[in-house]
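Presented below is the structure to which this report refers.
First listed ligand is number 1; within each ligand, the first listed atom is number 1. All values below come from the heavy atoms of this structure, side chains included, with hydrogens, waters and symmetry mates left out.
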Amino acid sequence: MEKQPHSSAQTGSSPLDILILAAGLGTRMRSNTAKVLHRLGGRPLVAHVCRTASALQRDERPVHVVVGHQAEEVERAVREEVGERGAVFVTQTEQRGTGDAVYAARDRLAAADSTLLVLSGDVPLVRAETLGALIHQHRTHRGRGAACTLLAVRLEDPTGYGRVVRDAEGRFERIVEQKDATPEERQISEINAGIYCFETRLLFDALSRVRPENAQGEFYLTDVPGILRADGEDVSVFVHNDAREVSGINTRAELADFERILRGRTLRSLMLNSGVTVIDPQHTYVSADAQIGRDTILSPGVHVEGRTVIGEECFVGPGTRITDSRIGNGVRVKDHCVIVDSVIEDNCEVGPFAHLRMGARVEEGAAVGNYVEVKKSRLGRRTKAMHLSYLGDADIGERTNIGAGTVTCNYDGKQKHRTSIGDDVKIGSDTMLVAPVEVGSRSVTGAGSVVTEDVPPDTLVAGVPAKIKKRLSSEEPKAQENEGTSRES
Ligand code: UD1
Ligand code: CA
């Protein structure tokens, strides 16, 4: 009796649905945070799986995600990765096993004439190519497609995993979980990776017959392939050769192992493909989403996080952290800087010990020196703030010099106010700029000034509160070299 083809893959019309299981807590993590929210390479585990899944979904069907523990946070992590329309969420109210998790999606999926790829939220390194090969084998099995294809690997130590039981002819028979396996079955080294393709309708039909009659009292998804086999359906096994790629994370020790692997991959690619010098790869941490240009040098202890972009021929000094920022070409960031959500244009110098955050913008050729904090502020081209300053909510023009110890007093206890400083200004050391306040172009403030009122262009002010001393001719500001009227050397 010849079977009907299971999928219309050969005609190219069978749609693919994807279901990601992410409702479990992950007891072995010993954490209050759901396992799939733990971070690998700076991104939640579930985000890694979602990215891979959406790479497979060419026809823009959303991926389905089963959520339960910390559902809201998991949903947020997924949306951040695939966008509002990239995912549909299904809630599993009580975590009664992987079979129950899939069953939670029955209203959405059971009637679909599709192939369903089931993934686990805790298997972050699986590659789209591998899943593509799994799907291909599923759809072409014996020329008509299988009812189910499961991904298996051989492990030297299979402890803890579900084992693939085969009959005397080597055909798939069923999966047995570690806790339900006989001593002989525990000798089997071929394990179920928890990644499957199913013909969707056959899956849900079989799922309704799964019973929690096992050591854990759970509804096992792993019972389904055996049920389908007993029904006389074709179940095929896709044996993969890279166990590491498809293994799940169950403990924090495994999480750390994966972190090391992912980090190694990223750094190798930066060195071999992008031409980046990494002085000490053992102690350099670069997100897989970062981009770094040719001949840039990363010192030991550097962290480059999120979607940071660093240009060519930059130097990043020891102990610096750069997060979600954009750095131009030829930039020198010296030791121990923290740069978050900021932009540094070409040929700037930053640090040591500088802190740039919340949309700081340092324009071409500008310099931010020791112990300077820049928040939500722009420093125009070739402007310098070299020592011990706080510049918050400020807009500073070009070629201006900010003397040591300058503070924009931007907060009156209730609200933040802006400071605006023009071009070619000399702010004397220890000037307090009490915002909202404006200092016109080419003006000068004396050391220790407390500026409470706007300063017109071409004007010298000094004192507490600062008073106008005189109008300056256009040459006069040049007499006050570099650090304004400061006394420091
Ligand atoms: C599962 C398989 C096992 C396989 C292993 C591979 C079952 C019964 N066992 O075991 O054969 O070798 O994966 O890694 O499927 N989840 C839910 N709701 C639940 C339970 C789990 O959403 O009620 C999710 C978890 O969040 C996780 C995934 O399903 O993402 C796998 O669950 P987990 O408990 O890690 O299964 P394993 O014990 O690893
Ligand atoms: Ca697992």
Does a donor on one side chain and an acceptor on the other come within less than 3.5 Å for [X] and [Y]?
| X | Y | value |
| --- | --- | --- |
| His64 | Asp17 | no |
| Glu313 | Thr296 | no |
| Asp289 | Ser287 | no |
| Tyr390 | Asn410 | yes |
| Thr149 | His141 | no |

message: Measuring from atom NZ of Lys35 to atom CG of Leu255, what distance do you get when rounded to the nearest 0.5 angstrom?
response: 10.5 Å
- request: Give, for atom OG of Ser377 and atom CG of Leu356, the distance between the pair rounded to the nearest 0.5 Å.
  value: 9.5 Å
Contact atoms of ligand 1, heavy-atom distance to [X] under 4.0 Å:
| X | value |
| --- | --- |
| Ala22 | 22 (O), 26 (O) |
| Gln92 | 17 (C), 18 (N), 19 (C), 22 (O), 23 (O) |
| Gly121 | 30 (O) |
| Ala193 | 6 (C), 14 (O) |
| Arg28 | 38 (O), 39 (O) |
| Lys35 | 35 (O) |
| Asp122 | 30 (O), 35 (O) |
| Thr98 | 7 (C), 8 (C), 15 (O), 20 (C), 21 (C), 29 (O), 31 (C), 32 (O) |

Residues, nucleotides or ligands: over 12 heavy atoms within 6.0 Å of Asn32 CG: no
Please check whether [X] reaches ligand 1 - meaning an N/O of the residue sits under 3.5 Å from an N/O of the ligand, judged on distance alone.
| X | value |
| --- | --- |
| Asn192 | yes |
| Glu177 | yes |
| Leu221 | no |
| Ile175 | no |
| Gly194 | no |

message: Tell me the contacting part of Ala101 for ligand 1: side chain, backbone, both, or neither, using a 4.0 Å heavy-atom threshold, strictly below.
response: side chain
- prompt: Backbone, side chain, both or neither: what part of Arg96 comes under 4.0 angstrom of ligand 1, heavy atoms only?
  reply: backbone
Please state whether [X] comes within less than 4.0 angstrom of ligand 1, counting heavy atoms only.
| X | answer |
| --- | --- |
| Asp100 | no |
| Ile191 | no |
| Gly24 | yes |
| Val66 | no |

- prompt: With under 30° as parallel and over 60° as perpendicular, where do the rings of Tyr103 and Phe204 fit, or are they tilted in between?
  reply: tilted
message: Is there a side chain to side chain donor-acceptor pair (under 3.5 Å) between His48 and Glu81? Walk through the geometry before answering.
response: CA-CA 8 Å; His48 289 263; Glu81 187 62 49; over 6 Å; no
Per-pair distances, 0.1 Å, donor-acceptor, side chain in residues 319-331, under 3.5 Å, sequence neighbours excluded:
{"residue": "Thr320", "atom": "OG1", "partner": "Lys334", "partner atom": "O", "Å": "3.0"}
{"residue": "Thr320", "atom": "OG1", "partner": "His336", "partner atom": "N", "Å": "3.2"}
{"residue": "Thr320", "atom": "OG1", "partner": "Cys337", "partner atom": "N", "Å": "3.0"}
{"residue": "Arg321", "atom": "NH1", "partner": "Glu305", "partner atom": "OE1", "Å": "3.3"}
{"residue": "Arg321", "atom": "NH1", "partner": "Thr323", "partner atom": "OG1", "Å": "3.1"}
{"residue": "Thr323", "atom": "OG1", "partner": "Glu305", "partner atom": "OE1", "Å": "2.7"}
{"residue": "Asp324", "atom": "OD1", "partner": "Arg307", "partner atom": "N", "Å": "2.8"}
{"residue": "Ser325", "atom": "OG", "partner": "Thr323", "partner atom": "O", "Å": "2.8"}
{"residue": "Ser325", "atom": "OG", "partner": "Asp341", "partner atom": "N", "Å": "3.1"}
{"residue": "Ser325", "atom": "OG", "partner": "Ser342", "partner atom": "N", "Å": "3.0"}
{"residue": "Ser325", "atom": "OG", "partner": "Ser342", "partner atom": "O", "Å": "3.4"}
{"residue": "Asn329", "atom": "OD1", "partner": "Glu312", "partner atom": "N", "Å": "2.7"}

- prompt: Going by an N to O cut-off under 4.0 Å, is there a salt bridge joining Arg39 and Glu259?
  reply: no
message: If you take the nearest heavy atom of each of Ala23, Gly97, Gly160, Gly162, which one is closest to atom 19 (C) of ligand 1?
response: Gly97
